[in-house]
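Okay, structure first, notes after.
All figures in this text were calculated on a predicted structure; none of them were measured in a lab.
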Amino acid sequence: MNLKNRVGIIGCGWLGLPLAKSLIKNNYIVYGSTTNKEKLGLLANENINPFFLYIEKEGVLGNITEFLENLDVLIINIPPKNKNTNEYSIKIRHLSIAVKESNLKKVLFISSTGVYGTNQGKIDSYTIPKPSSQNGTNLLEAEKIINNNFSTTILRLGGLIGPDRNPTKVLSTKKIVYNPNSPVNLIHLTDCIGIIKCIIKKNKWGKIYLGVSPYHPSRESYYNSQCIKLGLNKINFAKKSNQTYKEITDKKIAEELGYDFKNLNLE
């Protein structure tokens, strides 16, 4: 049995489920977890080996040992829910212990560019994160925990956009939106999946990558052009406010992974 084709995804949601489907099309055997028992049938129907796993402060519910035992690669794709506590790092620590006991070495941790502060300027994968939010601090702590015992690659994704997910819709409902001249740091679902598959295929472990489209128009120009396409009212951007600046680019996506972004215009 060729274990090198076995990938486990903890968190088969907006990103995890289409990622699993794409991996299966490329002849990977995929194990997927969900916190919703009613979703197990959906995963099975997509030829995903389904597992109920629920990670809480007290530990991991579900058969995590069986889930991990046959894997060559584990993808951890569970964002923090409570942004104001250390609950997330506790959960990741429980998961880290389970992974360590399984002897699995290749781990891909899906993180966020939220680990960088809103005013860190031009950022690449060598930039030291200086979180300016509790959520960013929690994610950075989780990265350190999961990176302690394994050949972990950390993929910090920018703002997510794709089917049923467009930040324009949220911003258009706000009375006022700040930082009109700040660049956008987004990534389309198509490119999230493409980068992850490249990491696995090329065995790029023990690395840090920043998954952000190299397309960086200003927030005002990008989101208002999106409003026109979506038939929404233009966003009311504040003209006078303290401007923040964060522009994220990672040349290693092209140089190490050989990946070319498929959805540069973030449509």
Side-chain angles (χ1 to χ4, degrees), residues 1-55 60-79 95 98-99 102-112 146 150-158 160-165 187-207 209 211 213 253 256-263 266-267:
M1 186 178 293
N2 185 2
L3 298 183
K4 292 186 177 180
N5 286 329
R6 294 179 176 261
V7 178
I9 301 173
I10 294 184
C12 287
W14 184 84
L15 169 59
L17 183 56
L19 170 62
K21 292 179 183 179
S22 184
L23 287 168
I24 289 169
K25 285 182 180 178
N26 291 123
N27 298 315
Y28 287 89
I29 298 169
V30 178
Y31 291 72
S33 83
T34 176
T35 59
N36 184 352
K37 291 183 178 180
E38 294 180 357
K39 197 175 176 181
L40 293 171
L42 170 64
L43 299 186
N45 288 338
E46 297 291 348
N47 295 316
I48 301 167
N49 296 289
F51 278 76
F52 169 78
L53 295 176
Y54 191 88
I55 306 168
V60 182
L61 297 179
N63 197 339
I64 186 69
T65 301
E66 183 182 346
F67 178 80
L68 295 172
E69 64 184 2
N70 289 320
L71 298 183
D72 180 66
V73 174
L74 173 66
I75 300 171
I76 301 172
N77 177 42
I78 44 174
L95 184 55
V99 175
S102 74
N103 293 317
L104 178 65
K105 298 300 180 184
K106 295 178 180 178
V107 177
L108 175 57
F109 183 74
I110 306 300
S111 186
S112 164
I146 207 68
F150 324 108
S151 186
T152 302
T153 286
I154 295 168
L155 176 59
R156 295 169 178 158
L157 295 177
L160 302 175
I161 189 168
D164 303 318
R165 188 164 187 159
I187 183 169
H188 193 274
L189 175 64
T190 300
D191 290 312
C192 294
I193 293 171
I195 291 170
I196 291 169
K197 288 169 68 176
C198 268
I199 291 170
I200 296 171
K201 183 178 180 180
K202 298 197 174 186
N203 273 309
K204 294 296 184 179
W205 305 107
K207 305 281 188 176
Y209 295 109
S213 169
I253 297 292
E256 289 189 10
L257 298 180
Y259 183 77
D260 294 320
F261 281 82
K262 306 298 186 291
N263 195 314
L266 301 167
E267 297 293 344

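Put simply, the side chain of Val30 does not reach to within 4.5 Å of the side chain of Asn49, judged on heavy atoms. Side-chain contact check for Ile110 versus Ile196: some heavy-atom pair is nearer than 4.5 Å. Residues Lys106 and Asp72 have side chains in contact (heavy-atom distance under 4.5 Å, counting atoms from C-beta outward). Contact annotation: the side chain of Tyr31 never approaches that of Leu68 to less than 4.5 Å [non-hydrogen atoms, C-beta and beyond]. Residues Ser22 and Lys197 form a side-chain contact, since some pair of their non-hydrogen atoms from C-beta on lies under 4.5 Å apart. Looking at Ile10 and Leu74, their side chains come closer than 4.5 Å, going by heavy atoms from C-beta outward. The closest side-chain heavy-atom distance from Ile75 to Val107 is not below 4.5 Å. Contact check for Tyr209 versus Ile154: no side-chain heavy atoms found under the 4.5 Å cut-off.
The backbone N or O of Pro163 lies less than 3.5 Å from a partner atom in the side chain of Trp14, making a donor-acceptor pair. Checked by atom type and distance alone, the side chain of Thr153 pairs as donor or acceptor with a backbone atom of Lys204 at under 3.5 Å. Panel note: side chain Asn263, backbone Leu266; a donor-acceptor pair is recorded below 3.5 Å. At least one donor-acceptor pair closer than 3.5 Å links the side chain of Asn77 to the backbone N or O of Gly11. Not a single donor-acceptor pair under 3.5 Å links the side chain of Ser102 to the backbone N or O of Glu69. Asp191 places no side-chain N or O within 3.5 Å of a backbone atom of Ile187 that could act as its donor or acceptor partner. Lys262 places a side-chain N or O within 3.5 Å of a backbone atom of Asp260 that can act as its donor or acceptor partner.
For Gly32 against Ile48, the heavy-atom pair with the smallest separation is N-CG2, 3.4 Å. Minimum interatomic distance between Ile64 and Ala98 (heavy atoms only, all atoms of both residues): CG1-CB, 3.9 Å. Scanning all heavy atoms of the two residues, the minimum distance from Leu43 to Pro50 falls at CB-CB, 3.9 Å. Scanning all heavy atoms of the two residues, the minimum distance from Leu104 to Val73 falls at CD1-N, 4.1 Å. In this structure, Ser151 and Trp205 approach most closely via the heavy-atom pair OG-CB, 3.2 Å.
Among pairs with a residue in residues 32-43, none fulfils side chain to side chain donor-acceptor pair (under 3.5 Å), at least two apart in sequence or across chains.
Note: Tyr54 and Phe52 have parallel aromatic rings, judged against thresholds of 30 and 60 degrees for the angle between ring planes. Using a 30° and 60° split on the angle between ring planes, Phe51 and Phe67 fall in the perpendicular class, above 60°.
Between Ile146 atom CD1 and Ile76 atom CD1 the span is 3.5 Å, to the nearest 0.5 Å. Taken from CD1 in Ile199 to CD in Glu256, the straight-line distance is 10.0 Å, to the nearest 0.5 Å. Between the CG atom of Leu23 and the CZ atom of Arg6 there is a distance of 14.0 Å, given to the nearest 0.5 Å.
Taking Lys201 as the reference, Tyr28 meet the side chain to side chain contact (heavy atoms under 4.5 Å, CB included) condition, with sequence neighbours excluded.
Checking each of Cys192, Pro79, Ser112 against Leu160 for a side chain to side chain contact (heavy atoms under 4.5 Å, CB included) leaves exactly one that passes, namely Cys192.
Taking a 6.0 Å sphere around CG of Asp164, one finds it holds 12 or fewer heavy atoms contributed by other residues, nucleotides or ligands.
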Working for side-chain contact (heavy atoms from CB on, under 4.5 Å), residues Leu15 and Ile193:
CA-CA 8 Å; Leu15 169 59; Ile193 293 171; 4.1 Å; yes
Please determine whether side-chain contact (heavy atoms from CB on, under 4.5 Å) holds for the pair Leu19 and Leu17, giving the CA-CA distance in whole Å, both sets of side-chain angles, and the decisive distance to 0.1 Å.
CA-CA 5 Å; Leu19 170 62; Leu17 183 56; over 6 Å; no
